[in-house]
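Numbers restart at 1 for each chain; the letters A, B, ... are given by sequence-line order, proteins then strands. Just so it is clear, the structure is predicted and the values come from calculations on it, not from any experiment. The analysis underlying the following values was restricted to heavy atoms, covering all of them including side chains, and did not include hydrogens, waters or symmetry mates.
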Protein chains: 2
Amino acid sequence: MERTKIYDTSNARDEERLAYLAQVATMYYEEQKTQQEIAKSFGISRSGVSRLISEARARGVVEIIVHHPLKTNKNLEERLIRAFGIKDARVLRGRYESYQEVLAWVGKLAARYFEERLRDGMTIGISWGGALYEMIRAIRPREFRNVEVVQLIGATGAEATPTSGPILAQLLAERLHCRSYQLHAPLIVKEERARAALMQERHIKETLGRARRADIAIVGIGTTSPGYYSLVRAGYLSEEEAQEVRASGAVGDVCAQHYDLQGRWLDFPLNRCVIGINHEDLRRIDNVIGVVGGEVKAAAIHGALRGNYVNALITDEAAARKVLQLDGQRI
Amino acid sequence: MERTKIYDTSNARDEERLAYLAQVATMYYEEQKTQQEIAKSFGISRSGVSRLISEARARGVVEIIVHHPLKTNKNLEERLIRAFGIKDARVLRGRYESYQEVLAWVGKLAARYFEERLRDGMTIGISWGGALYEMIRAIRPREFRNVEVVQLIGATGAEATPTSGPILAQLLAERLHCRSYQLHAPLIVKEERARAALMQERHIKETLGRARRADIAIVGIGTTSPGYYSLVRAGYLSEEEAQEVRASGAVGDVCAQHYDLQGRWLDFPLNRCVIGINHEDLRRIDNVIGVVGGEVKAAAIHGALRGNYVNALITDEAAARKVLQLDGQRI
DNA sequence: ATGCTAATATCACATATGTGACGCGGTACC
DNA sequence: GGTACCGCGTCACATATGTGATATTAGCAT
């Protein structure tokens with residue numbers, strides 16, 4: 001609100017003033033000149049410069065950001081890696097107020113992790129979910145050569161909300177200045193036959209072919225817990241259907257493929273009505289990074305790790321502790 | 001294993017250090033404490049604090065940004081408004097190195113302009129193009145009530161590049177935390193009949209209905225000049241087809257509707273094969289903001305203004321001057 | 001021209017800051 | 001265990017900076 005004010009004033013006078021402040025501030029902060037030097041080059045008094053700089057800061061012309069590093073808990077990381085035989089883990093330190101806050105920070109951590117691993121020529125597969133959305137937001141734009149982004153699972157229809165749906169692959173591609181391949185198909189179809197038909201379609205076949213060859217897959221991990229079950233929230237399943245899913249032992253899903261607490265893939269219709277990569281192809285991808293936050297996801301994470309649906313995990317302390325507890329460890 | 005350990009410990013060390021630097025920097029820059037106070041509360045020497053702050057700046061933990069205001073040329077704005085009877089104009093001052101740079105700055109200017117005009121409850125229509133992409137990037141995220149974003153024209157297929165295509169509506173919706181309505185259809189079809197059929201489809205009909213009721217439309221202005229003709233660059237037209245288009249007098253397009261230098265809509269097949277809002281419906285929208293940069297676009301801008309396809313223009317000085325010249329004025 | 005007002009300069013001084021020189025204690029490495 | 005080095009503290013001092021009080025000027029309306 002305050003920042004908007006800066007640019008809002010259509011007054012030419014004020015525009016001049018702001019340009020002046022910005023120029024002085026640039027000399028001071030970016031060119032490291034002393035106030036004395038600046039005063040001389042503008043032919044004004046030194047104290048005037050001091051006051052101009054104060055004004056520039058007060059009016060938001062100068063913005064100072066402190067980047068706090070993301071601290072991780074090496075101990076929990078080590079334990080997760082050992083307990084589940086995964087390749088890597090990052091566990092964000094600290095406690096957070098809200099689920100949204102956890103997602104934002106885990107997303108940042110995941111973004112740094114991903115940035116460190118991305119190389120020219122890679123194919124990146126991506127599913128969807130709040131954590132991935134936050135991750136992509138936190139990725140710093142960079143140019144790569146021959147990188148491509150591929151959707152791993154189908155997308156919603158015309159009413160796509162920003163946090164879930166086909167936008168993620170595009171957003172990521174935008175950040176990396178590369179192209180993206182979408183799956184123009186619903187995530188879940190009503191009948192297995194419809195799925196079979198769609199899977200034969202040329203561009204779906206092609207995109208899924210690319211998905212299977214992904215060098216890195218970035219996936220969210222969903223829980224079937226009431227109130228947190230994405231497929232219900234996104235309108236794919238009714239609450240009754242969700243009950244059934246839970247009744248058959250499903251604790252979570254990766255790429256809409258459901259499994260139980262021990263990671264056993266569940267052979268029920270829902271798992272066979274998904275337009276997207278299947279659980280076996282997913283397991284064949286070298287690097288599958290699960291990005292997920294919050295204690296509520298613990299059971300789903302446990303299953304995902306036990307079932308080898310992901311082989312690297314980015315999460316927060318609370319979730320990590322609970323996962324290890326579920327695995328019978330004392331924390 | 002050993003290597004991992006080494007990597008991890010050095011990492012942990014550094015992480016600690018950065019956290020320390022960030023903490024000190026926060027106290028200094030955000031909480032406005034003096035170095036003396038900080039030294040006391042950490043139990044270190046004052047000169048140590050001074051050195052830590054230097055280190056924090058050198059290592060990028062502290063980032064200082066100076067926001068230069070966007071200066072505009074009121075004189076040229078006034079002349080454009082008078083010459084073409086448009087509602088408003090913003091003409092960015094200054095000369096720029098590259099076309100990309102012009103786009104980035106014009107985009108910023110357009111973003112500020114748009115932010116000032118956006119209100120709760122509005123429907124925003126959007127086409128595509130490099131300038132709009134830059135504009136959306138420059139929009140500061142904000143929450144609105146009942147705002148919706150609607151695509152004005154069809155989108156590309158699976159191979160969408162980030163700067164052009166269906167991503168723009170989604171990106172904008174993300175910035176405004178609102179929903180978006182896409183046109184899941186190609187921008188240009190081969191036959192008029194195919195267009196008629198598609199236009200009957202429910203969700204296309206519905207989205208275009210919303211588009212017609214837009215309170216603000218934000219559009220790029222395309223030129224047919226060789227090397228800059230977006231429809232060729234995006235693969236919709238071959239170079240031969242482009243030649244034909246130019247031969248029939250087309251200098252530019254708004255929402256893929258082509259017109260000549262005097263703004264006369266061209267009654268040729270291409271204009272009737274577009275899935276999107278038509279030129280007459282576009283003219284009925286209250287606020288159509290053209291966002292466009294670069295001298296090369298001058299003829300296209302002239303036509304767009306003469307033909308009333310846009311009624312507000314955001315552009316740069318070089319383009320504005322050339323447009324006025326084309327209109328027979330001395331600059 | 002005459003005031004009035006707001007912006008800026010001037011001056012003075014107390015602090016805050018940057019930095020070089022030097023020494024001490026801990027650590028990594030041989 | 002020795003040694004070289006690194007990080008940091010201490011001290012000292014030169015500058016840089018913030019700020020209050022007061023004078024001066026520019027712009028502006030009458």
Side-chain angles (χ1 to χ4, degrees), chain A residues 2 5-69 71 74, chain B residues 1-69 71 74-75:
Chain A
E2 5 170 69
K5 219 191 255 173
I6 302 170
Y7 301 95
D8 259 358
T9 45
S10 40
N11 191 326
R13 265 264 147 60
D14 212 48
E15 193 179 287
E16 287 299 321
R17 177 83 182 167
L18 290 170
Y20 183 33
L21 292 178
Q23 214 181 336
V24 171
T26 300
M27 292 173 83
Y28 188 62
Y29 288 109
E30 285 171 10
E31 295 165 21
Q32 316 274 20
K33 308 216 190 224
T34 72
Q35 298 184 357
Q36 188 58 258
E37 290 175 290
I38 298 168
K40 207 195 297 174
S41 72
F42 276 96
I44 60 176
S45 70
R46 190 199 51 80
S47 34
V49 175
S50 173
R51 288 173 175 124
L52 287 174
I53 289 166
S54 300
E55 188 183 341
R57 285 183 70 168
R59 296 179 66 173
V61 173
V62 173
E63 191 183 357
I64 300 181
I65 303 166
V66 178
H67 298 281
H68 288 259
K71 296 173 78 173
K74 308 290 170 197
Chain B
M1 207 50 172
E2 249 185 67
R3 240 182 22 194
T4 318
K5 224 183 212 169
I6 289 166
Y7 176 76
D8 269 353
T9 52
S10 68
N11 219 28
R13 277 274 161 73
D14 207 50
E15 193 179 287
E16 287 300 320
R17 178 81 182 169
L18 290 171
Y20 183 32
L21 292 177
Q23 215 180 336
V24 170
T26 299
M27 293 172 82
Y28 188 63
Y29 289 109
E30 286 173 11
E31 297 165 19
Q32 316 276 17
K33 309 216 188 224
T34 73
Q35 298 184 357
Q36 189 58 256
E37 289 175 291
I38 297 168
K40 210 195 295 175
S41 73
F42 277 96
I44 60 176
S45 69
R46 189 201 48 84
S47 36
V49 174
S50 173
R51 287 171 177 128
L52 287 175
I53 288 166
S54 300
E55 189 182 341
R57 285 183 70 167
R59 293 180 66 172
V61 173
V62 172
E63 193 185 355
I64 301 180
I65 303 165
V66 178
H67 298 282
H68 288 259
K71 296 173 80 172
K74 309 288 173 200
N75 173 26

- Do R46(B) and dG9(D) have a side chain to base donor-acceptor pair shorter than 3.5 Å? no
- Checking all strands, does S45(B) fall into the base, sugar-phosphate, or nothing category for heavy-atom contacts under 4.0 angstrom? base
- Report the distance from atom OH of Y28(B) to atom CG of L52(B), rounding to the nearest 0.5 Å. 12.5 Å
- Rounded to the nearest 0.5 Å, how far does CD of Q23(A) lie from CZ of F42(A)? 4.0 Å
- Rounded to whole Å, the CZ-C1' distance (R57(A) to dG18(D)) equals 12 Å
- Query: Just by distance, do the side chain of S54(A) and the backbone of S50(A) share a donor-acceptor pair under 3.5 Å?
  - Reply: yes
- Query: Would you say Y28(B) reaches dT17(C)'s phosphate, i.e. side-chain N/O to OP1/OP2 under 4.0 Å?
  - Reply: yes
- Message: Nearest whole Å is fine: how far is dT17(D) C1' from I38(A) CD1?
- Response: 12 Å
- Query: Atom CD of E55(B) and atom C1' of dT19(C): how far apart are they, to the nearest Å?
  - Reply: 16 Å
- Message: Mind checking if I44(B) touches a base, just sugar-phosphate, or nothing, with heavy atoms under 4.0 Å?
- Response: sugar-phosphate
- Task: Could you check R59(A) against L18(A) for side-chain contact (heavy atoms from CB on, under 4.5 Å), going step by step and ending with a plain yes or no?
- Result: CA-CA 9 Å; R59(A) 296 179 66 173; L18(A) 290 170; 3.7 Å; yes
- Once you round it to whole Å, what is the distance between P of dA7(C) and CZ of R17(A)? 8 Å
- Return the value, rounded to whole Å, for the distance between atom CZ of F42(B) and atom C1' of dG9(D). 17 Å
- Item | S47(A) side chain, from C-beta outward: closest of dT17(D), dT19(C), dC11(C) | dC11(C)
- Query: Roughly how many Å is it from CD1 in I53(B) to C1' in dT17(C), rounded to a whole number?
  - Reply: 9 Å
- Message: Salt bridge check, E63(B) against R57(B): does any charged N sit closer than 4.0 Å to a carboxylate O?
- Response: no
- DNA chain D nearest-nucleotide lookup for Q36(A) and R51(A): closer to the 5′ end is Q36(A)
- Message: Rounded to whole Å, how long is the line connecting atom CD of E37(B) with atom P of dT17(C)?
- Response: 9 Å
- Between dG7(D) (C1') and L21(B) (CG): distance, integer Å: 13 Å
- Report yes if a side-chain nitrogen or oxygen of S50(B) is closer than 4.0 Å to either non-bridging phosphate oxygen (OP1 or OP2) of dT17(C); otherwise report no. no
- Remember a base hit wins even if backbone is also touched, and classify S54(B) as base, sugar-phosphate or nothing at under 4.0 Å, heavy atoms. nothing
